[in-house]
Amino acid sequence: MSHYTAIAAPTGPILADLRSDTVTQPCSGMRDAMARAEVGDDVYGDDPNVNRLEATLAERLGKEAALFAPSGTQSNLLAMLAHCGRGEEVIAGEAYHVIRYEAAGASVLGGVALHALPVAEDGALEADDITAAIKEDDSHHPISRLLSLENTHYGRAVPLPRMQATVEAGRAGGLSLHLDGARFFNAITALGCSETDLAGPFDTVSICLSKGLGAPVGSVLVGPADLIARARRMRKMLGGGMRQAGVLAAAGLYALEHNAPRLAEDHARAEALAAHLRGLGLGDVTQATNMVFLTPRDGLDLGSLADHGLRVSAPEPAMRLVMHRDIDDAGFTALKEAFAAIA
Ligand SMILES: Cc1ncc(COP(=O)(O)O)c(C=O)c1O
């Protein structure tokens with residue numbers, strides 16, 4: 001069971017879908033931008049909106065180039081395949097998405113080994129663990145090549161000094177650096193830092209447009225021009241070269257302009273929900289950025305939330321409750337009432 005396992009859906013109207021921030025519907029402004037998007041064949045490099053999206057994110061993150069990909073999983077995979085050859089190794093946190101939830105794509109498709117390290121309470125790795133994991137040059141070992149970090153991790157925005165310590169340990173061991181920034185803008189919102197503050201220490205960063213940013217599809221990998229050129233070849237090989245993809249890139253550009261600046265609202269709602277659940281005594285509650293985790297007290301049946309109009313994931317043992325732009329004031333009031341009713 002994982003937070004991707006949903007429990008029974010409500011049979012009546014759905015008041016709020018708390019499974020993930022990926023469930024959002026494109027708003028009318030985004031749909032207009034998609035409908036109006038001028039497009040071209042992006043495999044020929046002709047799509048103006050894809051080109052604009054790639055250039056925008058490369059510039060904002062202070063990198064040379066960027067590549068639009070269909071998903072965060074593919075964007076991370078492209079990064080790992082571009083950084084590593086067969087027999088080389090990615091070091092990452094054992095609960096990080098690249099290790100736990102991406103079907104070991106880099107191993108299956110690229111002959112890349114994955115070395116999993118424990119993740120600290122704040123979502124960071126420990127510098128000493130990284131140093132110990134980096135293999136010496138010996139024909140028995142895979143060649144340690146890439147350190148892949150994640151921010152946010154399970155909603156936690158890992159503080160910059162903690163990121164910096166792990167980056168330094170990786171660099172000292174000769175590793176390249178990748179950041180899975182699926183929720184990059186949630187991280188910088190919570191940390192109160194700039195885009196370049198978070199992206200700066202990394203060679204490559206993957207950003208998802210279809211999570212809190214509300215676009216229907218798409219992720220962008222940013223990094224050095226030579227590496228992005230390699231990733232572009234990998235994307236073609238994996239069947240991810242999309243033609244008139246500007247309808248999707250236009251949604252991404254709209255998301256960056258209109259939805260990135262509003263993420264603090266989701267964080268504030270998550271904080272308010274956590275306080276509400278604690279007040280109701282439903283169990284153990286933690287919260288970070290737009291996510292709340294509820295570990296129910298003994299005997300509490302969270303399955304009955306569906307009877308109150310909520311779509312939720314199965315507890316594992318904590319139930320993940322995610323705030324996003326499709327939960328408005330009315331939905332938020334309704335979901336608080338639903339929890340009060342089961343309390
Ligand atoms: C941290 C993290 N990285 C990567 C991904 C993969 O994104 P996608 O679902 O677009 O493949 C996710 C998806 O939830 C994620 O949470």
Side-chain angles (χ1 to χ4, degrees), residues 2-6 17-24 26 53 57 67-81 90 92-106 108-109 114 116-117 119 122-125 146-158 163 177-191 198-199 202 204-222 231 234-235 238-240 242 245 248-249 251-252 255 259 263 266 270 288-293 313-314 316 318 320-324:
S2 80
H3 57 248
Y4 294 116
T5 316
D17 189 338
L18 305 175
R19 290 170 300 166
S20 178
D21 46 11
T22 57
V23 299
T24 52
L53 175 65
L57 276 171
L67 181 67
F68 186 47
S71 69
T73 299
Q74 188 178 106
S75 180
N76 282 330
L77 176 61
L78 297 174
M80 291 187 280
L81 296 180
V90 177
E94 61 97 9
Y96 286 180
H97 207 274
V98 293
I99 299 270
R100 196 175 274 189
Y101 298 114
E102 297 184 4
V108 176
L109 300 164
L114 299 172
L117 295 179
V119 180
D122 64 0
L125 304 183
L146 179 68
L147 177 61
S148 184
L149 303 182
E150 186 175 300
N151 207 352
T152 62
H153 172 61
Y154 287 144
R156 273 161 281 169
V158 183
M163 300 294 284
L177 264 298
H178 173 67
L179 176 67
D180 176 359
R183 294 181 178 82
F184 182 89
F185 287 94
N186 295 89
I188 63 166
T189 301
L191 296 171
L198 182 55
F202 295 91
T204 50
V205 181
S206 171
I207 291 182
C208 290
L209 302 163
S210 62
K211 305 210 158 55
L213 297 185
V217 173
S219 293
V220 177
L221 180 68
V222 295
M234 298 295 174
R235 186 188 70 173
L238 293 167
M242 299 177 286
L248 301 174
N259 295 343
L263 290 172
D266 296 341
T289 63
N290 64 332
M291 297 189 188
V292 177
F293 291 86
S313 306
E316 47 151 340
R320 186 180 78 158
L321 307 162
V322 187
M323 297 295 112
H324 51 74

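Just follow the structure's listing: the first ligand is 1, and inside any ligand the first atom is 1.
- Heavy atoms of Thr73 found under 4.0 angstrom from ligand 1 belong to the backbone as well as the side chain.
- The side chain of Ala182, and not its backbone, has at least one atom closer than 4.0 Å to an atom of ligand 1 (non-hydrogen atoms only; side chain from C-beta on).
- Taking a cut-off of under 4.0 Å to the non-hydrogen atoms of Gly72, the atoms of ligand 1 that pass are 6 (C), 7 (O), 8 (P), 10 (O), 11 (O).
- In terms of polar-atom proximity, Arg183 is counted as a contact of ligand 1, with an N or O under 3.5 Å from an N or O of the ligand.
- Rounded to the nearest 0.5 Å, atoms CZ (Arg320) and OH (Tyr154) are 8.5 Å apart.
- Counting heavy atoms closer than 4.0 Å to ligand 1, residue Asn76 contributes side-chain atoms (C-beta onward) but none from N, CA, C or O.
- Between Glu150 and ligand 1, not a single N/O pair is under 3.5 Å apart.
- The distance criterion of under 3.5 Å between nitrogen or oxygen atoms is not met by Ser210 with respect to ligand 1.
- Screening Thr289, Leu213, Ile188, Asp21 against Leu263 for a side chain to side chain contact (heavy atoms under 4.5 Å, CB included) leaves a single residue, Leu213.
- The distance from the CE atom of Met323 to the OG atom of Ser20 is 11.5 Å, given to the nearest 0.5 Å.
- Partner Met163 forms a side chain to side chain contact (heavy atoms under 4.5 Å, CB included) with one of Leu191, Leu149, Leu177 and no other, that one being Leu149.
- For ligand 1 and Ser71, the ligand atoms under 4.0 Å from any heavy atom of the residue are 10 (O), 11 (O).
- Ligand-side atoms of ligand 1 in range of Glu102: 4 (C), range being under 4.0 angstrom from any heavy atom.
- The shortest N or O to N or O distance between Cys208 and ligand 1 is not below 3.5 Å.
- Of the candidates Asn151, Asn76, Thr152, Asp180 forms a side-chain hydrogen bond (donor to acceptor under 3.5 Å, both in side chains) with just one, namely Asn76.
- Residue contacts with ligand 1: Thr152 is placed with no nitrogen or oxygen under 3.5 Å of a nitrogen or oxygen of the ligand (distance criterion only).
- Between Thr24 and Gly214, the shortest heavy-atom distance links the atoms OG1-CA, 3.4 Å.
- Here CZ of Phe293 is found 8.0 Å from CD of Glu316. Values are rounded to the nearest 0.5 Å.
- Heavy-atom separations between Gln74 and ligand 1 are all 4.0 Å or longer.
- Here the CG atom belonging to Leu238 is positioned 6.0 Å from the CG atom belonging to Leu78, to the nearest 0.5 angstrom.
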